[in-house]
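In what follows, a structure is listed as structure tokens, so that the remarks can point back to it.
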Amino acid sequence: MCLHIASLTILLIALSTARASAPEPFSDFQNNIVYKPPADHASWGTIYGRSLQLEDGSQYVSIPQSPTPLSVLTMCSLLTWENYLPEPPLATFPIMKSVDGGATWHSHLNVSDQVHDWGLRYQPNLYRLKNDVGGFGAGTILLSGMAVKSDLSEGWLDVYVRTDDGNSWTFQSSVAHAPGPLTTGNGNKAVWEPFFIEHDGELICYYSDQRDEKHAQKLVHVVTTDLVNWSDPVDDEASDVFGHRPGMTTVAHIQTTDQWIMTYEVCDGPVSGCPSHFKIAPDPREFGAIEGTLVVSGEQGRVSGSSPYVIWTKDESRTDGGGIILLSTSNSETVWVNEDSAHPDGWREFPAEQRSAHSRCLEIIDVKGQKKLMITSAGWMASGADNYVAVGVMDVPTYNFS
Ligand SMILES: *[C@@H]1O[C@H](CO)[C@@H](O)[C@H](O)[C@H]1NC(C)=O
Ligand SMILES: *[C@@H]1O[C@H](CO)[C@@H](O)[C@H](O)[C@H]1NC(C)=O
């Protein structure tokens with residue numbers, strides 16, 4: 001196909017006018033709106049956004065100038081979140097997709113509850129297998145989250161697997177049963193907030209657990225080698241005080257030191273709010289024995305917010321090969337950063353200027369061969385809040401920013 005330059009220009013002008021508010025493809029931006037819930041939405045409308053970048057088999061770009069036409073596998077990003085539309089139909093996990101570095105998004109799929117007919121309601125989590133697990137090859141995409149009855153009386157933490165063609169998801173296994181009710185009331189037997197990592201041939205699923213009568217809520221993990229059978233839960237954090245509520249585990253591997261960092265909030269604990277804490281361990285299955293440390297800014301003495309999300313990446317500004325720990329907490333538009341040593345006085349706040357939210361997601365993505373940080377915000381657990389899903393894409397912070 002040959003498009004005349006003049007008509008191409010007109011087309012581009014028309015496109016840019018139509019999308020006056022969308023950023024340039026593959027550019028840097030903050031607070032780029034992906035989805036706004038309708039006015040008649042239920043509950044919070046949207047919260048708990050999660051992104052995942054992957055190679056996109058459906059998007060081959062051919063390069064006609066090349067002697068033998070090449071096909072280049074491009075990258076795409078998927079986004080999901082807790083979505084509160086009026087029911088029926090039952091709640092689903094929406095998946096939106098971007099093929100231009102997060103600048104524009106379209107509805108790709110809505111994943112519905114294939115097992116219980118209750119609805120997929122809470123804490124969706126996208127994950128790409130780094131290694132083969134059982135019959136599933138490296139690169140397989142998982143979606144986990146809470147299937148919950150609409151009256152919140154019972155729930156399951158379930159895992160879905162994306163089919164090879166990318167166009168559907170299939171239920172794979174259940175990780176944990178929640179006899180209910182699924183509310184944060186102490187004594188109610190809920191589970192929440194799955195998070196995956198791989199280690200030593202195992203897929204580990206961390207989650208929050210209200211089922212143990214000795215703890216209002218504690219943090220546990222289970223492991224699998226086949227995505228079918230899951231082990232019994234092992235504690236990662238449980239307070240001696242019944243009412244303390246550690247929650248929302250995320251974990252990252254600090255490659256340079258081969259240590260693992262776990263971050264979590266503690267609600268109704270010794271420090272007011274639900275500030276974030278961290279633990280460092282050589283084995284991500286052995287956080288239970290480690291004492292947690294409050295995340296406080298070493299410069300201002302500011303206490304971190306709730307609902308942390310931690311990742312690790314190389315710090316490109318360093319000459320010693322070292323990395324940077326990046327941590328989102330709810331009380332600011334910043335990203336907390338620390339060096340690989342994770343020294344308790346080492347936390348600094350980088351001004352990312354991406355909308356604060358309950359449990360923002362951090363991800364290092366590839367934008368045309370460049371490493372960038374994507375931050376996803378999807379709103380607050382507050383009925384009156386002006387919630388919507390928005391992403392930011394920016395240079396990866398360096399520790400010694402000024
Ligand atoms: C997903 O659900 C939303 C809301 O009902 C709808 O607007 C959208 O078209 C659906 N997406 C697909 C791919 O079916
Ligand atoms: C998984 O669990 C089922 C039921 O408990 C058992 O029959 C099966 O042998 C287990 N499979 C593996 C691979 O352990």
Side-chain angles (χ1 to χ4, degrees), residues 15 18-22 25 32-60 74-128 140-152 155 158-172 194 357-359 361 374 376-381 383 385-391:
L15 275 176
R19 290 178 180 166
S21 60
N32 179 31
I33 297 175
V34 175
Y35 171 83
K36 282 203 167 198
D40 64 346
H41 67 75
S43 187
W44 339 112
T46 62
I47 54 166
Y48 207 92
R50 290 291 181 267
S51 72
L52 181 71
Q53 190 182 46
L54 55 139
E55 284 178 349
D56 187 4
S58 65
Q59 292 287 325
Y60 286 92
T74 61
M75 307 296 282
C76 78
S77 282
L78 304 182
L79 259 192
T80 186
W81 60 90
E82 291 183 19
N83 204 30
Y84 295 86
L85 293 174
E87 292 179 70
L90 292 168
T92 61
F93 289 147
I95 310 267
M96 287 185 80
K97 180 169 166 177
S98 172
V99 293
D100 60 4
T104 61
W105 297 82
H106 63 272
S107 176
H108 175 52
L109 280 170
N110 296 305
V111 185
S112 52
D113 180 351
Q114 298 171 4
V115 183
H116 317 284
D117 221 12
W118 294 343
L120 294 180
R121 294 181 191 281
Y122 299 143
Q123 298 112 22
N125 175 52
L126 288 162
Y127 182 79
R128 181 179 190 277
T140 302
I141 312 298
L142 309 180
L143 172 65
S144 62
M146 294 302 303
V148 179
K149 279 186 181 169
S150 58
D151 66 0
L152 311 185
D158 285 345
V159 184
Y160 286 73
V161 173
R162 186 183 190 247
T163 53
D164 289 342
D165 65 4
N167 290 324
S168 61
W169 297 77
T170 312
F171 170 80
Q172 174 53 31
H358 172 71
S359 193
C361 177
M374 177 178 275
T376 304
S377 319
W380 295 97
M381 295 175 92
S383 316
D386 176 23
N387 283 351
Y388 53 86
V389 182
V391 295

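Read the numbers this way: they start at 1 and go in the same order the structure lists the ligands and their atoms.
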Check your understanding: For the residue pair T104 and A22, what are the closest heavy atoms and their distance?
Key -> CG2-CB, 4.0 Å
Practice item. May I ask you to check whether Y35 and W81 place their ring centers less than 6.0 Å from one another? Key: yes
Practice item. Among L143, V159, V161, find the one that has a side chain to side chain contact (heavy atoms under 4.5 Å, CB included) with W169. Key: L143
Check your understanding: Between I95, V111, N110, T376, which is the residue that forms a side chain to side chain contact (heavy atoms under 4.5 Å, CB included) with T80?
Key -> I95
Check your understanding: Among side-chain atoms of S77 and S51, is any donor-acceptor pair under 3.5 angstrom?
Key -> no
**Study point:** Within 45° cone of Y48 ring axis and under 6.0 Å: R50 NZ or CZ
**Key:** yes
What are the atom names and distances for all N or O pairs under 3.5 Å between ligand 1 and the protein?
from: ligand 1; atom 1: 2 (O); to: N110; atom 2: OD1; distance (Å): 3.4
from: ligand 1; atom 1: 2 (O); to: N110; atom 2: ND2; distance (Å): 2.5
from: ligand 1; atom 1: 11 (N); to: S107; atom 2: OG; distance (Å): 2.7
from: ligand 1; atom 1: 11 (N); to: N110; atom 2: ND2; distance (Å): 2.9

